Amino acid sequence: MKVMKFGGTSVGTPQRMQEVTKLVTKSGEPVFVVLSAMSGTTNSLVDISDYLYKKNADGANEVINRLEAKYMKHVDQLYTKEETKADTRAFLKEEFNYLRSFTKEIFTSFEEKNIVAQGEMMSTTMVANYMREQGVKVVLLNALDFMRTDKNSEPDPVYIKEKLTALMANCEKENGDDSPIQVYITQGFICRNAYGEVDNLQRGGSDYTASLIGFALNAEEIQIWTDIDGMHNNDPRIVDKTQPVHQLQFEEAAELAYFGAKILHPTCVQPAKYAGIPVRLLNTMDPDAEGTTISNQTEYGKIKAVAAKDNIIAIKIKSSRMLLATGFLRKVFEIFESYQTPIDMVCTSEVGVSMSIDNFAHLGEIVDELKKYGTVTVDTGMCIICVVGDLDWSNIGFETRVMDALKNIPVRMISYGGSNYNISFLIKEEDKRRALQSLSDHLFNK
């Protein structure tokens with residue numbers, strides 16, 4: 001069985017929902033579908049919550065009424081049978097009355113998570129109803145019945161597998177000898193926490209749900225459908241002559257995601273990586289395109305892509321006390337830890353250490369603390385350029401190709417050795433476009 005995840009824009013209009021149904025049923029094989037909320041819905045639900053936090057019930061009701069009118073209009077456009085329209089309107093009426101019920105009570109983060117979860121509840125029901133109208137044998141499973149996190153707010157894969165397989169087995173049993181179930185649908189993003197409260201998966205959202213379900217079912221493949229055409233070897237908005245990347249190793253995809261490729265959160269594919277299940281990134285606007293496949297297979301010696309991360313700050317601390325001293329780096333890193341500021345890159349010498357961060361929130365306090373240990377220099381307006389591929393140190397020559405591309409670009413820092421899949425350069429943001437174009441020309445267009 002394949003798992004297919006569709007994001008908010010993929011189910012953002014009645015026409016998109018109809019297209020999703022065609023994609024899901026095209027092969028005729030049983031599939032498991034994960035849906036996000038319709039695009040714009042989660043933002044509206046967050047707005048409702050903001051008004052309720054501020055005890056502005058009128059503002060919340062105005063947003064609720066506007067959202068309800070939008071959904072009721074979609075009902076007329078999506079369905080052809082009056083019976084389906086009536087059933088869906090009745091469901092949506094209950095949903096929006098449920099949202100209105102929060103305007104009369106004390107509002108906390110617990111209520112907010114209940115409100116935000118309704119976007120996925122509505123989109124999955126609407127799509128399931130449309131599939132039934134089209135004669136598709138579909139079962140809608142409530143993610144709150146099987147998707148759970150533990151006391152550390154991490155997904156509980158053992159619980160998820162146990163509950164989900166039991167639910168599906170029960171559905172098959174109730175179906176009996178009738179025509180087989182073609183589609184299982186569930187909500188992405190939402191779950192229950194270890195205490196049974198409605199919660200969400202946060203990082204990766206619906207992608208994370210799809211990966212966890214794929215792991216639980218030992219799926220053949222996990223497909224992530226978006227309105228973006230897979231991953232490219234560079235940012236097509238900045239660089240000319242970019243090409244889609246057809247295959248990535250999981251570590252390569254994680255590096256790209258962290259350093260600027262917004263299409264996939266690195267955490268969300270971990271379950272698929274451990275289970276050896278390939279993940280394919282596909283485009284709902286161009287369903288026949290090959291997309292990008294992410295798996296545990298490595299294309300040896302090949303540079304795959306380049307990504308960039310803006311708004312970087314470089315911090316250098318130089319001190320003679322660092323020479324042959326033990327504990328110096330620990331003291332430096334503890335400062336960043338105390339202000340909950342992650343470090344992107346690190347480069348060291350005998351008497352100095354340079355680091356990059358992307359969080360300005362506590363920059364002043366961090367610099368003040370660092371000055372206790374040495375002379376501190378800060379550079380802002382920087383950019384990390386990340387070159388990704390099979391860059392094992394035994395693959396002789398890749399450094400020369402990359403450095404040759406950057407021979408006319410001032411480089412502040414270089415980081416290599418922490419990963420076999422990434423070499424990173426810190427440059428000025430003003431040089432970013434020139435650097436990316438030069439790397440693209442040298443690495444991919446020759």
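Being a predicted model, the structure only gives us computed values, none of them experimental. Along the sequence shown, the residues carry numbers beginning at 1.
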Do other residues, nucleotides or ligands put more than 12 heavy atoms under 6.0 Å from the [atom1] atom of [X]?
X      : atom1 : answer
Lys137 : NZ    : yes
Glu299 : CD    : yes
Lys85  : NZ    : yes
Gln340 : CD    : no
Lys70  : NZ    : yes
Gln297 : CD    : no
Tyr51  : OH    : no
Glu337 : CD    : no

With the threshold set at 4.0 Å, does a side-chain nitrogen-carboxylate oxygen contact exist between [X] and [Y]?
X      : Y      : result
Asp431 : Lys428 : no
Asp288 : Lys26  : yes
Arg280 : Glu290 : no
Lys151 : Asp156 : no
Arg100 : Glu95  : no
Lys309 : Asp344 : yes
Lys22  : Glu19  : yes
Lys432 : Glu429 : no

Will you find, in the side chains of [X] and [Y], an N or O donor that is under 3.5 Å from an N or O acceptor?
X      : Y      : answer
Ser36  : Ser206 : yes
Glu111 : Thr108 : yes
Glu133 : Thr84  : yes
Thr124 : Gln187 : yes
Tyr208 : Gln270 : no
Gln249 : Lys304 : no

Test item: [X] side-chain N/O and [Y] main-chain N/O as donor-acceptor pair under 3.5 Å:
X      : Y      : result
Asp150 : Glu154 : yes
Thr284 : Thr226 : yes
Ser438 : Ala435 : no
Thr41  : Ala37  : no
Arg192 : Met147 : no
Thr209 : Phe189 : yes

Partner of Ile313 by side-chain contact (heavy atoms from CB on, under 4.5 Å), out of Asn359, Val367, Thr341, Leu363: Leu363
Minimum-distance pair of heavy atoms, taken over all atoms of Asp390 and Gly301: OD2-N, 2.6 Å
Over all atoms of both residues, closest heavy-atom pair of Pro278 and Ser295: CB-CB, 4.3 Å
Aromatic plane relationship, Tyr79 with Tyr130 - under 30° parallel, 30 to 60° tilted, over 60° perpendicular: tilted
Parallel, tilted or perpendicular: ring planes of Phe32 versus Tyr184, cut at 30 and 60 degrees: parallel
Test side chain to side chain donor-acceptor pair (under 3.5 Å) applied to Thr88 and Asn129, step by step: CA-CA 7 Å; Thr88 307; Asn129 286 351; 3.1 Å; yes
Verdict with supporting geometry, Tyr416 and Phe398, ring pair (Phe, Tyr, Trp, His ring centres under 6.0 Å): CA-CA 12 Å; Tyr416 171 72; Phe398 70 84; 5.6 Å; yes
